[in-house]
Chemist: 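Just dropping this structure here.
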Amino acid sequence: MAPDNSIAPTHGFVGSAVASLPVPTYLQEIYWWAYVHPWAVRVFEREWLVNMILLGNYARLRDAALAEIGCPAAGRTLQIACVYGDLTVRLNDQIAGDGALVVVDVMPIQLRNLHRKLPAGAKARLVHGDSTALEFADAAYDQVLLFFLLHEQPLAVRRRTLTEAIRVVKPGGKVVLVDYHRPHRWHPLKPAMRAVLRRLEPFALDLWDCELEQYLPDGSPPANVHKETYFGGLYQKVVITR
């Protein structure tokens, strides 16, 4: 069982030392421009830009994710990976009085950016960690959120991330996934989106071909999987109940 770092008391960085976690190869080689380079945060931390990238659907997808977590969000909530925009600030605001929020990310620059966005006295705790090897105990969280993370990860990394997400959620708890999805055949933007994703986000097209539940670990079928799609099928919300 992994050590449980989920109850450290301070709003700051806990978990593995920064120097002990190398930047994953796929981030260095493919997503350096979005998450790794010092200029990335300055460029992409603009809500209008996030909304434009998601073709005007940011607020709708953000609110769908937050509604699934619940308001107030009771118990312990884990967000795997920081995101640009105000999703985590809003999530922090809807954590119940006796609830807890932990956000884990492998990139210190992203954790520092989130720290700047959160208000003083925020409930959220920021943990430097790897989504494929979470330093939390089994069944430590009531709900886990992954917002547009899986499409950025190579297959093997994606499988390990989902395995860890399932491991740390309690029986009866849920993992909420919001990400890309194969658009309907008639979608007018389908050819353009295919070209953009192939050029900039090469792993994203996997989600056009496979259901997210296909990446779940073998031998532990979930109690329930519920999927909703948005914007002509281009985006999806999948809720996995353990």
Side-chain angles (χ1 to χ4, degrees), residues 23-37 40-41 43-45 47 49-66 68 78-85 87-88 103-107 110 130-132 134 144-166 174-184 187 189-217 225-240:
V23 178
T25 301
Y26 73 93
L27 282 179
Q28 287 273 35
E29 295 180 353
I30 297 174
Y31 286 104
W32 61 269
W33 52 274
Y35 302 113
V36 180
H37 194 279
V41 168
V43 171
F44 288 99
E45 191 53 84
E47 197 156 317
L49 181 56
V50 176
N51 189 50
M52 185 177 72
I53 291 170
L54 293 177
L55 304 176
N57 288 276
Y58 173 66
R60 183 183 185 189
L61 296 168
R62 174 202 65 202
D63 292 349
L66 294 175
E68 201 64 54
L78 173 66
Q79 178 184 317
I80 300 179
C82 299
V83 297
Y84 293 127
L87 178 141
T88 310
V103 183
V104 60
D105 200 293
V106 74
M107 292 301 305
Q110 295 298 324
D130 187 338
S131 68
T132 67
L134 297 173
V144 178
L145 173 62
L146 293 85
F147 192 84
F148 283 91
L149 171 65
L150 296 178
H151 78 275
E152 297 173 343
Q153 298 182 322
L155 176 60
V157 177
R158 188 183 309 134
R159 288 188 183 278
R160 291 199 298 271
T161 293
L162 271 180
T163 296
E164 284 292 270
I166 295 295
K174 57 188 177 181
V175 177
V176 180
L177 312 171
V178 178
D179 221 308
Y180 285 108
H181 181 269
R182 186 182 187 89
H184 299 321
H187 201 300
L189 297 178
K190 185 175 182 180
M193 284 303 301
R194 184 188 294 275
V196 169
L197 294 177
R198 182 180 288 119
R199 179 68 180 89
L200 297 178
E201 305 204 73
F203 308 120
L205 291 176
D206 292 354
L207 275 58
W208 283 31
D209 298 327
C210 298
E211 297 290 345
L212 287 177
E213 60 188 288
Q214 293 181 238
Y215 303 116
L216 293 173
V225 177
H226 177 72
K227 181 176 80 171
E228 296 180 36
T229 60
Y230 304 85
F231 198 60
L234 184 57
Y235 307 110
Q236 63 181 318
K237 179 186 71 177
V238 176
V239 181
I240 301 167

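Hydrogens, waters and symmetry mates are skipped; everything else that's a heavy atom, side chains included, is used. Since this is a predicted model, take the numbers as computed values, not measurements.
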Chemist: Looking at CD of Glu68 and CG of Leu145, how far apart are the two atoms once the value is rounded to the nearest 0.5 Å?
Modeler: 10.0 Å
Chemist: Looking only at heavy atoms, what is the nearest atom pair of Ala34 and Ala40, with distance?
Modeler: O-CB, 3.3 Å
Chemist: Report yes if the side chains of Tyr84 and Leu49 come closer than 4.5 Å at any heavy-atom pair, otherwise no.
Modeler: no
Chemist: Rounded at 0.5 Å granularity, tell me how far CG in Asp179 sits from CZ in Phe147.
Modeler: 9.0 Å
Chemist: Is there a donor-acceptor contact under 3.5 Å from the side chain of Gln79 to the main chain of Ala81?
Modeler: yes
Chemist: Side-chain contact, heavy-atom cut-off 4.5 Å: Trp33 with Leu200?
Modeler: yes
Chemist: Give a yes or no answer on whether the side chain of His181 reaches the backbone of Gly233 with a donor-acceptor pair at less than 3.5 Å.
Modeler: yes
Chemist: Supply the atom-to-atom distance Phe203 CZ to Arg158 CZ, rounded to the nearest 0.5 angstrom.
Modeler: 8.0 Å
Chemist: Side-chain donor-acceptor contacts of residues 50-58 below 3.5 Å, not counting sequence neighbours, with atom names and distances?
Modeler:
unit_1, atom_1, unit_2, atom_2, d
Asn51, OD1, Asn57, N, 3.4
Asn51, OD1, Tyr58, N, 3.1
Asn57, ND2, Leu54, O, 3.1
Asn57, ND2, Leu55, O, 3.0
Tyr58, OH, Asp86, N, 3.0
Tyr58, OH, Asp86, OD1, 3.1
Tyr58, OH, Leu87, N, 3.0

Chemist: I'd like to check Val157 versus Pro24 (side-chain heavy atoms, cut-off strictly below 4.5 Å). Are they in contact?
Modeler: no
Chemist: Can you tell if the side chain of Met107 reaches within under 4.5 Å of the side chain of Tyr31, non-hydrogen atoms only?
Modeler: no
Chemist: For a quick check under 3.5 Å, do Tyr26 and Glu152 share a side-chain donor-acceptor pair by atom type?
Modeler: no
Chemist: Looking at Trp32, I want to see if its CH2 is surrounded by more than 12 non-hydrogen atoms of other residues, nucleotides or ligands under 6.0 Å.
Modeler: no
Chemist: Please confirm whether the backbone N or O of Gln236 pairs with a side-chain atom of Glu228, one donor and one acceptor, at under 3.5 Å?
Modeler: no
Chemist: So which atom in Leu146 and which in Ala165 form the shortest heavy-atom distance, rounded to 0.1 Å?
Modeler: CD1-CB, 4.2 Å
Chemist: Among Leu150, Thr161, Leu162, which one satisfies side-chain contact (heavy atoms from CB on, under 4.5 Å) with Tyr215?
Modeler: Leu162
Chemist: Looking at every non-hydrogen atom in both residues, tell me the closest pair between Gln28 and Val23 and how far apart they are.
Modeler: CG-CG1, 3.5 Å
Chemist: Treating Arg159 as the side-chain partner and Gln214 as the backbone partner, does any N or O pair qualify as donor plus acceptor under 3.5 Å?
Modeler: yes
Chemist: Using modelled atom types only, decide if a donor and an acceptor are shared between the side chain of Glu164 and the backbone of Leu134 within a distance under 3.5 Å.
Modeler: yes
Chemist: Just wondering, do Leu61 and Lys237 contact through their side chains at under 4.5 Å, heavy atoms?
Modeler: no
Chemist: Looking at every non-hydrogen atom in both residues, tell me the closest pair between Pro217 and Ile166 and how far apart they are.
Modeler: CD-CG1, 4.4 Å
Chemist: Would you call the rings of Tyr235 and Tyr180 parallel, tilted or perpendicular, where under 30° means parallel and over 60° means perpendicular?
Modeler: tilted
Chemist: Run the side chain to side chain contact (heavy atoms under 4.5 Å, CB included) check on Arg62 and Glu47 step by step: do they pass?
Modeler: CA-CA 12 Å; Arg62 174 202 65 202; Glu47 197 156 317; 3.6 Å; yes
Chemist: List the atom of Ser131, the atom of Gln153, and the distance in Å for their closest heavy-atom pair.
Modeler: OG-NE2, 3.3 Å
Chemist: To the nearest 0.5 Å, what is the distance between CZ on Arg182 and CG on Leu205?
Modeler: 9.0 Å
Chemist: Below 4.5 Å, heavy atoms only, C-beta onward: do Val103 and Thr88 meet side chain to side chain?
Modeler: yes
Chemist: Enter the distance from Glu201:CD to Phe148:CZ here, rounded to the nearest 0.5 Å.
Modeler: 9.5 Å
Chemist: Determine, step by step, whether Val41 and Gln110 satisfy the side chain to side chain contact (heavy atoms under 4.5 Å, CB included) criterion, reporting the C-alpha distance in whole Å, the side-chain angles of both residues, the deciding distance to 0.1 Å, and the verdict.
Modeler: CA-CA 8 Å; Val41 168; Gln110 295 298 324; 3.9 Å; yes
Chemist: Any chance you could lay out the ring pair (Phe, Tyr, Trp, His ring centres under 6.0 Å) test for Phe231 and His187, step after step, and finish with the verdict?
Modeler: CA-CA 9 Å; Phe231 198 60; His187 201 300; 5.3 Å; yes
Chemist: Look up atom CZ in Phe44 and atom NE2 in His37, then write down how far apart they are to the nearest 0.5 Å.
Modeler: 12.0 Å
